[in-house]
Amino acid sequence: MKGGLDQTRAEELRVLARRLGLVLSDEDVAFALMLEEGGRVQLSQATTRLGTEDRPAGPSDVDTR
Amino acid sequence: MTRSDDDLCLAPIAYQSELIASGEISPPELTEAYLRRIERLEPLLGCFALATPDRAKADSLQAEIEIRKGARRGPLHGIPVGLKDLIDTAGIATTANTKVLAHRVPSEDAEVAKRLREAGTVLLGKLQMTEFATGKSYTGEGLAPQPRNPWAIDRFPGGSSSGSAVAVAAGLAGASLGSDTGGSIRAPAAFSGVVGLKPTYGLVSTTGVIPLAWSLDHVGPLTRTVEDCALVMDAIASAQHRDHTVRLRQGIEGLRIGVPSEFIASVDLQPSVRSSFEEALQIFTGVGAELSDVVLPEFADVQAAFLAIAGAEGVSAHRAWLRSSRHLYGRGAWERLIQGLLYTGAEYVDAQRIRGVIMRSVARTFERVEVIAVPSMPSTAPTFEQHQLAPPLPRSPFLDLANLLGAPAISVPCGSDDLGLPIGLNLMGRPLEDATVLRVAATFERATQWHLRHPAIAFGSN
C-alpha cells in the first residue's frame with residue numbers, strides 16, 4: 001500500500017491529525033489521500049479560477065461595500 | 001363511513017386535522033391506527049430507531065382532553081409525527097445511529113421538538129438514519145441497518161434522513177423531521193416518493209440537533225403533500241416567518257422558473273429522470289409559469305467549497321468524539337470525516353470565499369427568476385448492493401448548492417421509472433422565500449397525481 005503514496009503528503013496528514021489528537025493508520029492515510037483529487041485539488045483549482053476578490057465574512061452582518 | 005387504517009394513515013395531515021377538528025376522529029383513535037401500522041410494517045421496513053408508543057398514547061390523550069375543552073392549539077394538534085434520531089428529545093434516547101452515543105439520553109428537547117410539542121403533535125418515536133447523518137452506510141458494522149425503501153425493499157431509501165422519509169411514505173407517521181447538510185432531506189424524499197423541504201438557513205432552529213457541519217446543517221419537514229409541509233413549517237419556523245400556508249393556492253402565473261439546461265445536459269441522468277423532469281417543465285408552462293434558461297456556478301467549484309466546509313466543520317464538530325471514541329465510528333462516518341483532515345485553516349477560508357463568490361453569482365441569477373428547477377437525483381433509488389459499491393462520498397450534483405447558499409429547496413414527487421420507483425423534482429428559491437418555493441411546489445402538485453401514489457406495501461390493513 002505504501003508504494004503508491006506521496007510520503008511527504010502522508011506525513012503532513014499525520015501531523016495535521018496529531019494536532020487534533022488523532023492517530024491515523026496507514027489505511028486511513030491511503031484512503032484520505034485518495035480523496036484529495038476530488039476535494040483539496042479541486043479547491044485549489046476553484047480558488048484560482050474564481051479569484052480572491054472576496055473577503056471572508058466579518059463578525060457582523062453589515063455589508064460595507 | 002368506515003375508514004381503514006390505510007386510508008386514514010396515508011391521508012395528508014391537513015385532512016387528518018380536519019377530521020380531528022370536526023370530531024370525526026379523536027387523536028387517540030388516529031394514534032392507535034398509526035401504532036397498529038407500526039406494529040405490522042416496522043419489522044419489514046425498519047424505519048424507527050425507537051418507537052415510543054407510551055409517549056404517543058399520553059400525548060394523544062392530552063390532545064383529546066384539550067380539544068374537547070375547546071382549547072385546540074392549531075392544525076397539528078393531535079397529529080402523530082416522528083423525529084430523526086439526531087433531534088434531542090428529553091428523556092428519550094437520541095443516538096444518531098452511532099455506537100459513540102449508544103447510551104445517550106438528552107435532558108432537554110431540541111428547539112424543533114419543543115415547538116412540535118407546543119403545537120400539540122403526538123410523538124410516535126425516533127426515526128432511523130445513517131450514522132451521524134453522514135450519507136453512506138455500510139452493512140455489518142454493528143450499527144442499526146438502514147430502513148428499506150417501501151417501494152422496493154431491496155433498495156436504499158436515500159440518506160441520511162432515511163427513516164424520516166420511509167415512515168412518511170409508508171404511512172407510519174403523519175409527518176416527520178429530518179436534517180439536510182448536503183441533500184439529506186431531499187435525497188430520501190426523492191427516492192421514497194415524498195415531499196421534503198430544506199428551509200432557508202437559520203429559519204428553523206438547529207439547537208439541540210447533533211451537528212455535522214454548522215454552516216450547512218438545516219432541519220426541515222418530510223410529508224406526503226406540500227400543504228402538509230407548509231403546516232409543519234408554520235409550527236417550527238422562526239416566529240416572524242409563519243406564513244407558509246397563506247399563498248399556497250395563489251397559483252404561479254407569470255412566475256419565472258430558471259432551468260440550468262446546459263448543466264442538466266452535462267449530468268448522466270437516468271432516461272426516466274430526464275423525461276419526468278421535461279414533463280414537469282411542461283406542466284409549469286401549462287399553469288402559466290415562464291421558463292428561463294439560467295447558468296449556475298460550475299459544479300466542480302460548488303463541490304470543492306462544499307467538501308472543504310463540510311469536512312473541516314465536520315472534524316471540528318466531531319473532534320472530541322473522534323479523540324475519545326474513534327474506534328466506535330463506523331466506516332461510512334469515518335470516511336466522511338477523514339476527508340476533513342485534509343484541509344488547512346487557510347483552505348477552509350478559501351472555501352468560504354469561494355462560497356461568497358458562488359452566493360453572489362446565484363443572487364444575480366435570482367434577480368431574473370424566482371425559482372430554479374433541477375431533478376433531485378440523477379437516478380431512482382439504487383439497490384442496497386449498488387449503494388454499498390458506490391464511491392465513498394456519493395453526491396447528487398443537484399443538492400449541495402442550496403446548502404452552500406442557505407437557500408430554501410424542496411423535493412416533490414414528479415414521476416416514476418419503469419419499476420415504479422419515485423422520481424423527485426428539486427425547486428430552489430431565494431433565501432427567506434420559502435413560501436414561494438412551497439407555492440410553486442403546491443401548484444405543481446395540484447396539476448399532477450404523483451403525490452397520490454403510495455407504495456403497495458403500505459396497503460393491507462383491515
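All values below come from the heavy atoms of this structure, side chains included, with hydrogens, waters and symmetry mates left out.
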- Measure A:Leu20 against the heavy atoms of chain B and call it side chain, backbone, both or neither at under 4.5 Å.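 Contact with chain B: backbone and side chain both.
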So, for [X] and [Y], which heavy atoms are closest and what is the spacing to 0.1 Å?
| X | Y | value |
| --- | --- | --- |
| A:Arg49 | B:Ala300 | NH2-CB, 4.3 Å |
| A:Leu35 | B:Gln339 | CD1-CB, 3.4 Å |
| A:Thr47 | B:Asp350 | OG1-CB, 3.9 Å |
| A:Asp28 | B:Ile338 | O-CD1, 3.3 Å |

Which bit of B:Arg326 comes within less than 4.5 Å of chain A, counting heavy atoms only: side chain, backbone, both or neither?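 B:Arg326 touches chain A through side-chain heavy atoms alone.
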Item checked: Interface moiety of B:Ala308 toward chain A, non-hydrogen atoms closer than 4.5 Å ->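 B:Ala308 touches chain A through side-chain heavy atoms alone.
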Is the number of heavy atoms from other residues, nucleotides or ligands under 6.0 Å of [X] [atom1] greater than 12?
| X | atom1 | value |
| --- | --- | --- |
| B:His327 | NE2 | yes |
| B:Asp268 | CG | no |
| B:Glu262 | CD | no |

- A:Leu43 versus B:Leu307: any side-chain heavy-atom pair under 4.5 Å?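 A side-chain contact under 4.5 Å is absent here.
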_If we define contacts as heavy-atom pairs under 4.5 Å, which of A:Arg9, A:Glu12, A:Arg19 has the most with chain B?_
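Of A:Arg9, A:Glu12, A:Arg19, A:Arg9 has the most heavy-atom pairs under 4.5 Å with chain B.
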_Distance check, rounded to the nearest 0.5 Å: B:Glu298 atom CD versus A:Gln42 atom CD?_
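B:Glu298 atom CD to A:Gln42 atom CD measures 10.5 Å (nearest 0.5 Å).
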Original post:
Residues in side chain to side chain contact (heavy atoms under 4.5 Å, CB included) with B:Leu401, at least two apart?
Top reply: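 Only B:Leu296, B:Val302, B:Ile358, B:Val362, B:Leu405, B:Met428 meet the side chain to side chain contact (heavy atoms under 4.5 Å, CB included) criterion with B:Leu401.
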